[in-house]
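Structure record follows, encoded as structure tokens.
Being a predicted model, the structure only gives us computed values, none of them experimental.
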Amino acid sequence: MNEPLQHDRHAEIHRQIATALAELVPDDPSIPPHPYLRRHLAEHAAHGQVLDDEHVPPALLPWESSLRVRRLLAATGDQGPGSRWLQAWALLEPYARNVDPRSRASSLRLAHHKATPSQEASTGPDAFNQSPVTPVWSDGTTPDNVWLVNGSPVSALAAVRGESGKQPLVIVGDERGLLHALHHDGNTAYAPLHVHDGKIIQVLALPGDRMVATGSNDGSVAIVDAIQGQVILRAVPRRPGTWVSSLALYRPTDHTAVLLAAFSDGYLAPLHPVVFHTVDVALPTLEEDACLLSALPAPGGRSDWLLFAQHDRVYCFDGRWTRSLSRHAGRVRSIVALPTAGHYAVADEQGHLSLWDATQGGRARQTALQQGPSAITSLLVTALDAEAALLSTKADGGVCLWALPHLDAIGMPLSGRASPVTALTCIAGRRQPRLVTAGADGTVRSWPLSKATFQTAPARWDRVTASALSSGQPPVLATARAARISLGDVYRASEPRTVLKGHVATALAWPRLQGRPHLAAALDDSRIVLTDPGDAQAGVVAELHGHHLPAMTMVPLADTDADLLASGSADGSVCVWDLRRTTLLAKFRDHRFSVRCLATHRNRHGLYLASGGSDGAVRVWDVRQLQQLGPTIKCGQFFVNDIAFGTGIGADRRMLVASAGQNGTLRLWDAQTAHQVGQLSPGDGELTAVTALALPTGRRLFAAAGRTSIHVWDPAADRRPLQILTGETITSLKSVRDRQSTDASLLLATGEAGTTVFRLHHDRI
């Protein structure tokens, strides 16, 4: 009888503490609050059931050190309008470790604007107006439900229940051979374990829910105590020159269960699941190729049949004989036993999902279902509202839920992001089970496992394929998605205007023609078309033909004597066009593979163009001489994803080129000698975009986009004065002059899910 009253009394105490502590938070987010406030204020507010922006002021969040706000919000279920800043911070929190408070404040301001774009500028407290970043326009959101942000793609998941009365753990394997353990709320259980010298392909929970087995492309199997975080055995067994393609627990006839490891040369290793010695059991003979394994409970339930898939076929071994069961449209990507004995589900790389009955010689119980052109990457049988259900993941980032036994779709796919979902598992949560997914983007995400989650899933977003921001006033944003190109004024919340549709655009640019800005669009049929946005009736005013494959990048060339445009194509060529005459001035074929990026620079000596691509090289061209300037720059960064020009400081007026590489580095080169003069290694995965920023003092900064952040780099001082958290990969980052302010640039940051335009104040960096 007294327990509710006791709970209410404790909640009231925490409310009073939170209210009092909130008064102690400085209004200026640049002033550090007391360490106790940073660490515990959000927790007091959560316990007092007042976790909102009033009790946890926005100015505290850049200093928040507990990194528990997102979990507290999830536990309290507080998603109302009174916690907008808290919700914005919760989206950034997984990426905010080791980021300075000033960068956090700038990132928080952008995230809040993305979450509430209808609010004018969404500035919040006045002190945030001194941030180096001012949001202008956005149509995207920061990814949510993120539990873990990993330094490399996550490749395997498993759940272990652990000791009696303990909460379950999610075991995560990545491509660096590291094993992570997460609690049910996303907190890490212990430091990552280095288990393998290569990618962890599968993690399998063993009997007892304490140990897990891991298989890797280094050709070995390891045994790990997942509760204590200790590697028990390594390389049991190990087959050099091969990789482990699958792990499974299998009960042969008249034998206890064994741990089976399949290797890429067709070898099957049977191990005792407790002492891990090799055991003697009958096994099928396989082709010398990788296979997938799954134990299928046989009718009667005393033993298993062994299902294995190679290429596009599924076979069954009953302890004596092997028989072919089913053939599929593409290579089998996942196979799983269903709750009914003898029944199984198969997914292939063509996107087909189907149910089969092994007791009837492999007869299909459900007609193959086309789930879309994207490959299905994994399957998992689970329980939903006490009924069996099937989960499937796709290479386009979607997760689907199916009712069994008839394979009826439940709700809509979880849209996620465009990177492939590589693994999934389910765990028991405090209130309801949770679905946990892993992605090639290095994130682990979690959702409540319920029909409501899928029934309220947002509609699938259309991927942004290209964007460009004009340098005029007002700046006009051109965006291409879903075979449609639209224009919008970034200063006014107006409906975008469609200017071209029917083709997918691979690149956009704003060249000038006869003194007026025109929109150039590279289309998927290899044409480049020019439209006049100022004349709605003009349509396409010119077409350019010269590439054999679509152009991947375009840049206007600011020449006083001509209206020029440069384009780089997947066919390896760079073209320079005279737009007034719609003629091809030059075609450079020096790149061996795709040209991925272009940049332009003009000084008193001439007009220059730089190109970079999949051959890992950057070339600088003298546009007026139509020839290469200086030697080819061999960057040593694998693919060169983007480039930008810069200049030296003071008397050093060298022309510099920055290259953003696939290996995660930004390198600075002397354009004429090809000598490296600087490097930034932010440790944020592959660098996908770079743009230059000219400060009024004459200094040149570079902004480079990684997997989770935009990094502003000062090469002269070799430091990063600002890091802007994005929570997603930016595919294009471009800057234009801000005509409303002489001390700022407008930056366009485009990801696959949307675009953001923000003002970067040079005098505040």
Side-chain angles (χ1 to χ4, degrees), residues 143-147 154-157 159 170 292 294 309 326 328-340 343-356 364-427 429 432-441 443-463 752-753:
D144 58 359
N145 302 321
V146 176
W147 266 13
V154 176
S155 49
L157 290 177
V170 176
L292 298 177
S294 178
S326 56
H328 303 271
R331 189 179 184 96
V332 175
R333 294 289 297 269
S334 185
I335 181 171
V336 64
L338 298 176
T340 303
H343 294 182
Y344 63 97
V346 181
D348 65 37
E349 63 184 12
Q350 297 300 316
H352 293 92
L353 174 62
S354 52
L355 307 184
W356 300 81
R365 294 179 49 249
Q366 175 80 26
T367 304
L369 176 69
Q370 179 67 34
Q371 207 186 5
S374 179
I376 300 177
T377 53
S378 58
L379 298 173
L380 179 69
V381 174
T382 187
L384 186 66
D385 298 334
E387 297 180 355
L390 180 67
L391 288 159
S392 63
T393 64
K394 300 172 64 180
D396 65 0
V399 181
C400 299
L401 179 64
W402 310 91
L404 295 173
H406 300 298
L407 206 61
D408 298 320
I410 298 176
M412 300 172 288
L414 292 177
S415 58
R417 285 294 186 258
S419 59
V421 180
T422 53
L424 77 166
T425 191
C426 295
I427 62 169
Q432 62 185 136
R434 298 197 67 86
L435 164 65
V436 183
T437 65
D441 61 356
T443 62
V444 175
R445 307 184 188 208
S446 169
W447 291 267
L449 180 57
S450 66
K451 293 181 180 178
T453 298
F454 288 83
Q455 289 167 346
T456 59
R460 180 72 188 178
W461 46 265
D462 295 317
R463 176 174 171 263
E752 291 182 324

Contact check, side chains of Leu449 and Leu384, non-hydrogen atoms, under 4.5 Å: yes
Expected output: side-chain Thr393 to main-chain Ser378 donor-acceptor under 3.5 Å: yes
Closest approach of Leu390 to Leu355 (non-hydrogen atoms, all atoms of both residues): CD2-CD2, 4.5 Å
Check: Asp408 side chain, Ile410 main-chain N or O, donor-acceptor pair, under 3.5 Å: no
Val336 and Tyr344, any side-chain heavy atoms less than 4.5 Å apart: no
Plane angle bin for His328 and Trp356 - parallel if under 30°, tilted between 30 and 60°, otherwise perpendicular: perpendicular
Shortest non-hydrogen separation from Ala375 to Arg333 and the atoms involved: CB-NH1, 3.6 Å
Contacts of Ala388 that satisfy side chain to side chain contact (heavy atoms under 4.5 Å, CB included) - sequence neighbours left out: Pro339, Leu404
For Thr422, side chain to side chain contact (heavy atoms under 4.5 Å, CB included) partners two or more places apart: Ala438, Ala440
Rounded distance (nearest 0.5 Å) linking atom CG of Leu401 with atom CD of Gln455: 9.0 Å
Contact check, side chains of Cys426 and Arg434, non-hydrogen atoms, under 4.5 Å: no
Test log, rule side-chain contact (heavy atoms from CB on, under 4.5 Å), inputs Asp348 and Leu353: CA-CA 7 Å; Asp348 65 37; Leu353 174 62; over 6 Å; no
Heavy-atom pair with the smallest gap, counting every atom of Ala337 and Val381: O-CG2, 3.4 Å
Closest heavy-atom pair and its distance - Ala395, Thr377: N-CG2, 3.8 Å
Considering all heavy atoms, the nearest Lys394-Cys400 contact: CD-SG, 4.3 Å
By side chain to side chain contact (heavy atoms under 4.5 Å, CB included) - contacts of Thr425 (at least two apart): Leu157, Ala159, Val170, Val436
Qualifying residues under side-chain hydrogen bond (donor to acceptor under 3.5 Å, both in side chains), relative to Ser334, sequence neighbours excluded: none
Partners meeting side chain to side chain contact (heavy atoms under 4.5 Å, CB included) with Thr437 (sequence neighbours left out): Val399, Val421, Leu424, Leu435, Arg445, Trp447
Atom pair CZ/CG of Phe454 and Leu414 - distance to nearest 0.5 Å: 4.0 Å
Check: Ser392 and Trp402 side chains under 4.5 Å, non-hydrogen atoms: yes
Sequence-distant partners of Ser450, side-chain hydrogen bond (donor to acceptor under 3.5 Å, both in side chains), two or more places apart: Thr453
